[in-house]
Amino acid sequence: MTDHPNSHFGRLRLVAAAMLLMALAACAAPFKADVSRFQSQLPAPAGQTFAVVAEDPKLAGGLEFAQYAGLVQERLAHLGYTPVKDPAKASLIVRFDYGVDNGRERVRATTGMSPYWGPWYGPYYRPRPFGYWGGPWHYGWYDPFFDNGIDSYTVYTSGISLKIDRAADGERVFEGKAEAVSTSNRLQYLVPNLIESMFTGFPGNSGETVRITVAPEKK
């Protein structure tokens, strides 16, 4: 027998369904990254070739790096730049790096605390040091996980860097970084989203930091 929506049990089921949907929506929070980009005489795509190389030589030749470098290559090719495998034949050298830290335990101390509270510190790792251009974090960083009532959880800081040099004289023509805080530490999820953020509105306004929102992780 089917419960009528206006019956007691029917109303309970509707409430339960609504609560379930709210919980699922909270788990599927969108990915947000802060993107900072700087450029100086970045050439137009026509006639420009490029090669993506590892900023950290230890990553060169790795399958994981090759996967992420392929995403960067696809984005630049879509803009009209021509990819080449041999850096010696490229007019632009694209240096790419990525990482995620060990995570920080976050505790909501009081119900009245501002959702904007919360500095944390530490280098990125892979697990070796990734660099310090992304840290430390300061007061004022927006922490979306305070919004859903969670009292204790772990958040991870991830980042990528993208540098483009002119091969002829080594002059830097573009430099950008994308940084994000999330409850995931999976590079397979984080890096593609950070790359998508980096190339949203690329190359952007020099010296401007913007927040980019992309689709949430699929469960």
Side-chain angles (χ1 to χ4, degrees), residues 30-60 62 64-101 123-124 126 129-138 140-142 157-182 187 189-215:
F31 185 96
K32 296 182 179 181
D34 275 10
V35 181
S36 299
R37 294 172 288 206
F38 300 84
Q39 57 174 309
S40 174
Q41 299 179 345
L42 179 66
Q48 297 294 323
T49 58
F50 72 93
V52 181
V53 301
E55 176 78 3
D56 182 350
K58 295 179 181 178
L59 292 179
E64 183 181 38
F65 175 80
Q67 178 176 326
Y68 304 142
L71 297 177
V72 174
Q73 179 175 293
E74 289 175 5
R75 291 289 186 167
L76 286 169
H78 182 72
L79 292 172
Y81 295 92
T82 302
V84 295
K85 292 184 178 180
D86 186 358
K89 297 180 180 179
S91 56
L92 298 171
I93 304 299
V94 181
R95 307 184 188 280
F96 178 63
D97 201 3
Y98 57 86
V100 63
D101 71 3
Y124 298 113
R126 266 192 324 265
F130 170 62
Y132 295 85
W133 51 260
W137 297 98
H138 300 283
W141 174 266
Y142 172 59
T157 305
S158 58
I160 66 170
S161 71
L162 188 72
K163 302 172 183 176
I164 303 178
D165 297 336
R166 196 162 52 209
D169 55 10
E171 182 178 348
R172 179 70 43 82
V173 295
F174 177 86
E175 185 174 296
K177 62 181 179 180
E179 303 170 329
V181 174
S182 73
L187 289 174
Y189 162 66
L190 296 168
V191 176
N193 275 300
L194 289 166
I195 292 172
E196 181 177 347
S197 300
M198 175 67 71
F199 283 97
T200 298
F202 185 89
N205 297 320
S206 186
E208 182 181 57
T209 298
V210 295
R211 172 151 294 161
I212 305 296
T213 301
V214 297

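Just so it is clear, the structure is predicted and the values come from calculations on it, not from any experiment. Along the sequence shown, the residues carry numbers beginning at 1.
- Residue Glu171 holds its CD atom at 13.0 Å from CD1 of Ile164, rounded to the nearest 0.5 Å.
- Although no hydrogens or angles enter the test, the distance criterion places no donor-acceptor pair under 3.5 Å between the side chain of Asp97 and the main chain of Glu55.
- Gln73 places none of its side-chain heavy atoms less than 4.5 Å from the side chain of Tyr81.
- Considering all non-hydrogen atoms of both residues, Ala51 and Ala90 come closest at N-CB, 3.7 Å.
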*When you look at Gln48 and Ser91, which way does the side chain to side chain donor-acceptor pair (under 3.5 Å) test go after all the steps?*
CA-CA 6 Å; Gln48 297 294 323; Ser91 56; 3.0 Å; yes

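- Using a 4.5 Å heavy-atom threshold, the side chains of Leu162 and Phe199 count as touching.
- In this structure, the separation between OH on Tyr68 and CD1 on Ile160 is 11.5 Å, given to the nearest 0.5 Å.
- Here the side chains of Gln41 and Arg166 are in contact, with some heavy-atom distance below 4.5 Å.
- Minimum interatomic distance between Ile93 and Pro87 (heavy atoms only, all atoms of both residues): CD1-O, 3.6 Å.
- For Phe174 and Phe38, the distance between ring centers is not under 6.0 angstrom.
- Judged by distance alone, with hydrogens and angles left aside, the side-chain atoms of Ser36 form no donor-acceptor pair with the main-chain N or O of Gly176 at under 3.5 Å.
- To the nearest 0.5 Å, atoms CD1 (Ile212) and OG (Ser197) are separated by 6.0 Å.
- Atoms CG and CZ, on Asp34 and Arg211 in that order, are 4.0 Å from each other to the nearest 0.5 Å.
- In this structure, Phe65 CZ and Leu187 CG are separated by 13.0 Å, a value rounded to the nearest 0.5 Å.
- Shortest non-hydrogen contact noted between Ala54 and Ala60 is CB-N, 3.9 Å.
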*Show your working on side chain to side chain contact (heavy atoms under 4.5 Å, CB included) between Val94 and Leu76 and close with a plain yes or no.*
CA-CA 10 Å; Val94 181; Leu76 286 169; 3.8 Å; yes

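- Side-chain contact between Tyr98 and Leu194 is absent, with no heavy-atom pair separated by less than 4.5 Å.
- Judged as a side chain to side chain donor-acceptor pair (under 3.5 Å), and not counting sequence neighbours, Glu74 has no contacts.
- Not counting sequence neighbours, the partners of Arg95 by the side chain to side chain donor-acceptor pair (under 3.5 Å) test are Asp165.
- The heavy-atom pair separating Lys177 from Met198 by the smallest distance is N-CE, 3.4 Å.
- By the 4.5 Å heavy-atom criterion applied to side chains, Leu92 and Thr49 are not counted as neighbours.
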*Apply the test side chain to side chain contact (heavy atoms under 4.5 Å, CB included) to residues Glu208 and Val210: give CA-CA distance (whole Å), side-chain angles for both, the deciding distance (0.1 Å), then the verdict.*
CA-CA 6 Å; Glu208 182 181 57; Val210 295; 3.5 Å; yes

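- Between Ile195 and Phe96, the closest side-chain pair of non-hydrogen atoms falls below 4.5 Å.
- Between Arg75 and Glu196, the closest side-chain pair of non-hydrogen atoms falls below 4.5 Å.
- For the pair Thr213 and Lys32, the tightest heavy-atom approach, listed with the atom from each and the gap, is OG1-CG, 3.6 Å.
- Using a 4.5 Å heavy-atom threshold, the side chains of Arg37 and Pro203 count as separate.
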